[in-house]
Protein chains: 2
Amino acid sequence: MFELKERDGLARICELTTTHGKVTTPVLLPVVNPNFLTISPKEMKDRFGVKMLITNSYIIRGTESLREKAISSGVHEMLGFDGPVMTDSGTFQDHVYGDVKVDHKEIVRFQASIGSDIGTILDVFSEPDFTREKAEKAAEETIRRGTESLAEKGKMMLAGPVQGGVYPDIRERCARDMSALDFDVHPIGGVVPLLENYRYADLAEVIIASKKGLNPSRPVHLFGAGHPMVFPLAVLLGCDMFDSASYAKYARQDRMMYSTGTRFLKDLHDLACHCPMCSRNSVDGLLQKPHEERTRLIAEHNLHVCLREINTVKNSIHEGSIWELVEMRARAHPALLEALKVLEKHKKFLERFEPASRRGAFFYCGPESYERPTVMRYQERYFSRYRKPDAKVLVGFEEAQKPYSKQYSKEIASITEKVDASFVVASFFGPVPMELDEYYPTAQSVIPAALDAEVRRKMNSVMERHAHQHGYSLALMWEGEETLRFLEDMVSGGPRRRDPDMQRVHAVLDMQFGRGAGDVLDGKKIELVKSERTGKIRNVSIDGVHAFSMRAGDGRFTLKLHGGRLLLGVLEQPGMRVVVEDEPAEFASKGNNVFAKFVRECDPDIRPGDDVMVVNTKGELAAVGRALMNREEMLAFKRGIAVRVKDSSD
Amino acid sequence: MFELKERDGLARICELTTTHGKVTTPVLLPVVNPNFLTISPKEMKDRFGVKMLITNSYIIRGTESLREKAISSGVHEMLGFDGPVMTDSGTFQDHVYGDVKVDHKEIVRFQASIGSDIGTILDVFSEPDFTREKAEKAAEETIRRGTESLAEKGKMMLAGPVQGGVYPDIRERCARDMSALDFDVHPIGGVVPLLENYRYADLAEVIIASKKGLNPSRPVHLFGAGHPMVFPLAVLLGCDMFDSASYAKYARQDRMMYSTGTRFLKDLHDLACHCPMCSRNSVDGLLQKPHEERTRLIAEHNLHVCLREINTVKNSIHEGSIWELVEMRARAHPALLEALKVLEKHKKFLERFEPASRRGAFFYCGPESYERPTVMRYQERYFSRYRKPDAKVLVGFEEAQKPYSKQYSKEIASITEKVDASFVVASFFGPVPMELDEYYPTAQSVIPAALDAEVRRKMNSVMERHAHQHGYSLALMWEGEETLRFLEDMVSGGPRRRDPDMQRVHAVLDMQFGRGAGDVLDGKKIELVKSERTGKIRNVSIDGVHAFSMRAGDGRFTLKLHGGRLLLGVLEQPGMRVVVEDEPAEFASKGNNVFAKFVRECDPDIRPGDDVMVVNTKGELAAVGRALMNREEMLAFKRGIAVRVKDSSD
């Protein structure tokens, strides 16, 4: 029971339903050691707003007093916590102490018997220093135990971890096999040693490999990740749940957690924090307190900071700025920068989940920003979808204030009076023809004037590819009035007026829906409604019927039903179509949203936020709307909306 | 009355003494508009811990009820605030409304009459769009009024702003001229339009130019800078005071300030903040409140966040991590990254204030990190101070785990058995010979394995310069066993054992104190005490007397008196000497610290944190100790310690 509510790429806000209530993810589950309560579960709920926690069934089972209480009254009453409780199984204890003796089926039965909301199988902890063979064995044994454990879970939700050490292929395979089983949650296990040794690059590889194999409709729990430094990165890569024993462990060593790293209390001059604990205390005051009290107070701070960072991450998902947050936070430790480099390798995978556009602007944060999937997508679509006008001359401009067409309006006018030319800006994102200068993300970006050398080099190579691919008879950079005189001398044939608005409509249709989409304009009567205030295109009517509306925010089209119908005529199967079973299609045609569970097929090129056509199994148009998921998500999720319907036939 | 307490480069923690008490800088002065109290001064003190505030004498003077109250009971009683109060003069009002009619001498007299702790002259606001001529005029008129105003200040401290628009030379000249006058504080004026338009690169140029001209012993106030986004950068460049009206102004537009930028309340999903206001409220709750109450609450949040960022900055000065903080925070807006690029141009100036070493490690945060003054200094000193051993062969190694000599101990041993070679690592900082592998910052750094292309290119060019400058007969990179065989074939003469410890002592002496310092070892009996646990050099005795102690933290020497005496013999004037008047030198020879006001001269190559020799006017050694300032600071400051004496003759 897991429903997608909002998202920014793989990062997502979801609702997880358990027997003890609903929880919004990303969520941090504080670890409660029932033998040693630094902060009581009741306080966690009342004073910290903790919604869900995790405790260890192996410890409960091994401690007589706890076991009896848990069996007789349930784990919730034992802990004094009425929200959802997840239980771990002893795998981590086996990793640390190596002497866990419990049957894997029995520990699942035990978890069910004490009323755990989400139990965990006794998986095999695959250490980072395992050989391939050992890691493979750990994964296989985990899958075997998983299969057997499912029979024991009763009504309890069950977590089936992904193992496989630091071997991406083993992780991915294990993830795929575990996904084939009927688990409710997938922890990624065996990562604590990576976290402890700042091996964030390896951590990123492990998460990505696991996500590639996992069913996207299930929550992913990064087992043992409890430092706020890693939350943004892990969420960006699609982790939904975290658990933290660190808040208390670090406190015992007088270590204060911050989203930017960890500091020993004694090294601080000022607490420089507003959490309720820090508001009432000072560095000196804390240092003078007895160890136990100090531990307790630092644990409070650590927990506050962890929970707040989760909220900051959620804000960034809502805002569409998770990349910016991750790139900023990566400055907390060079090892996080190394992890960012890993992401470059997996751009193709990440791009599949990348939203069509974002509410906020693209902020450049460093050379890594060039490697975001959004940049790659713009270039790929430009080269595969955009069709250049048949002008013979290409005039290039330098990066400038946006929108470019306004910035360079004088130059464009003078050239257009004399020759038939096409115009492009050598931008950060690649070549931006004037007619795409409002299309996301070209205008919706803040890029510093002085770019890093690495980025400039990459930009140049993209521009070279551009000049190469389009066979202009003459291509040159604008260098002032001289360019104009040169053009007059060189180019015969005289001026040819093109309608920049029609060029824009054509180019955006191709870029947004696929090469060929612009053909819907051919031979039709086109009318444009423009904003009186801004002069921007608002609505496009084709043969008298409203077909598309251009959004001011991202320069892309919202489909009207008529537009969808026309696109069906020019875009080959499966282009921009979501195929829905006939009854729900009928339902959609009456204006109702399309739920994921009714989706039968979907164009693999559809991205979250794309405007799409909803068709029935016969390919007949039922409605148009906004996709909230990509293909693999639509086919996996059993809950939630796949397409928010905007216009429908009835 | 301004005393330096701690520092990290130009960033510094100082104590400012006023009639109404002492204040620690960096400090934020909330702006209080006495006609419109969003938060009362009493609350600011009691609930926010505000130590000092600023109000506007022009507004007080122009409002009859306020004027009478202020004249009869003083500005402190009028505001209900018993801490220091600074007053502004109407210059900003003239910038905004352009109709300020008041005599510049009269407004200073008025400020003195109402008991302001620090008054401000009526300077001329130089707009960023001013021509050179206009900016020059504004600066000249400011200086003229400043000269006349000083006669009117009475006992009040007086602030003399620096003007000059965006012209660095005019700023620097104005700063120098204002510094020649008897002002107590120097605001940098005319920067609000730069702040409002995110022109942070221009802001950085303006601050640096002003700092170059200003007397380093006076506090610098960045007039009108009240957003936490700019505090770290401004403090890094040597600003000590800030004032914020923004906390209230932004609140009126429902804008929440964060250290990472500004957000409209309505765009937030969660407040994601622990300040006392946010702890008690939610986004929805705030949106439902009446405008006035909401403004008040958001102003509280904004003020909390501004004050906390000042504390975070202070922590980073204590910790020696101000560069890391600035580079991290620069990700809040691409315009801050542009400002970082400006700093590269002024490395030579910044280096003069850069500490000799730091408590914490050098963290790589991006390509900008290569441009920190510390990197430049290492390279400059390496090329100008380090003397290579007379080996004929140079073997280079790749960057590796630190310390390098441990990491490559096996390779070094095999080569040393066969040929007379010298060893160097091609590191991020430049060439690091094995004997300098513990010298700050080579070992005290965390650099990611995958470096940005730009940084790699710069590193290569430094290594080329290295191979060029030192005339090895053979230089090659270590490529495993083959290198060894190759060396055996090529190099005749056989092995020659060098004592790596003696090489280290020699190299560190040269690097730390100047080329030639290592000569103190020549022909002497040298004994080393090494740590039993780590094997590292602890003490160096020369002819039976303890001369130097090597610090484990930064691999540099602490001087003993004997070491200082020997260095005097080999280092030419003014090398590593602080010349003190005879009486204070006598005092220092008894173990007392040297105060800045007694310093007569100082080696311009001395940096904060350097171990130096204190000599009297006859050049006789009185003591050795740690310099806390560079030359220009020692000569400027009238309060505070210039050299902390560690060992002395008596």
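The chains referred to below are lettered A, B, ... by the order of the sequence lines, with proteins before strands, and numbering in each begins at 1.
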Heavy-atom proximity to chain B below 4.5 Å, by part of [X]:
X: E327(A); answer: backbone
X: R263(A); answer: side chain
X: L337(A); answer: side chain
X: E324(A); answer: neither
X: A449(A); answer: both
X: H304(A); answer: both
X: A330(A); answer: neither
X: C278(A); answer: neither
X: D270(A); answer: both
X: V313(A); answer: neither

* Structure fact -> One should read off an interatomic distance between R331(A) CZ and S369(B) OG, to the nearest 0.5 angstrom, of 8.0 Å
* Got a second to check how far H301(A)'s NE2 is from H274(B)'s NE2, nearest 0.5 Å? ->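 Between H301(A) NE2 and H274(B) NE2, I get 9.5 Å after rounding to 0.5 Å.
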* Asked: Which bit of E368(B) is near chain A, if near means a heavy-atom gap under 4.5 Å: side chain, backbone, both or neither?
  ->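 For E368(B), the side chain is the part near chain A, not the backbone.
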* What part of A332(B) lies closer than 4.5 angstrom to a heavy atom of chain A: side chain, backbone, both or neither? ->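 Answer is both: backbone and side chain atoms of A332(B) are under 4.5 Å from chain A.
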* Compare every heavy atom of H333(B) with every heavy atom of V446(A), then report the nearest pair and how far apart it is. =>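 Looks like CG1-CE1, 3.8 Å.
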* Structure fact -> Assert top hit (heavy-atom pairs under 4.5 Å, partner chain B, pool N311(A), L336(A), N315(A)) equals N315(A)
* Asked: Which of the residues A335(A), G366(A), P367(A) is involved in the greatest number of heavy-atom pairs with chain B at under 4.5 angstrom?
  -> P367(A)
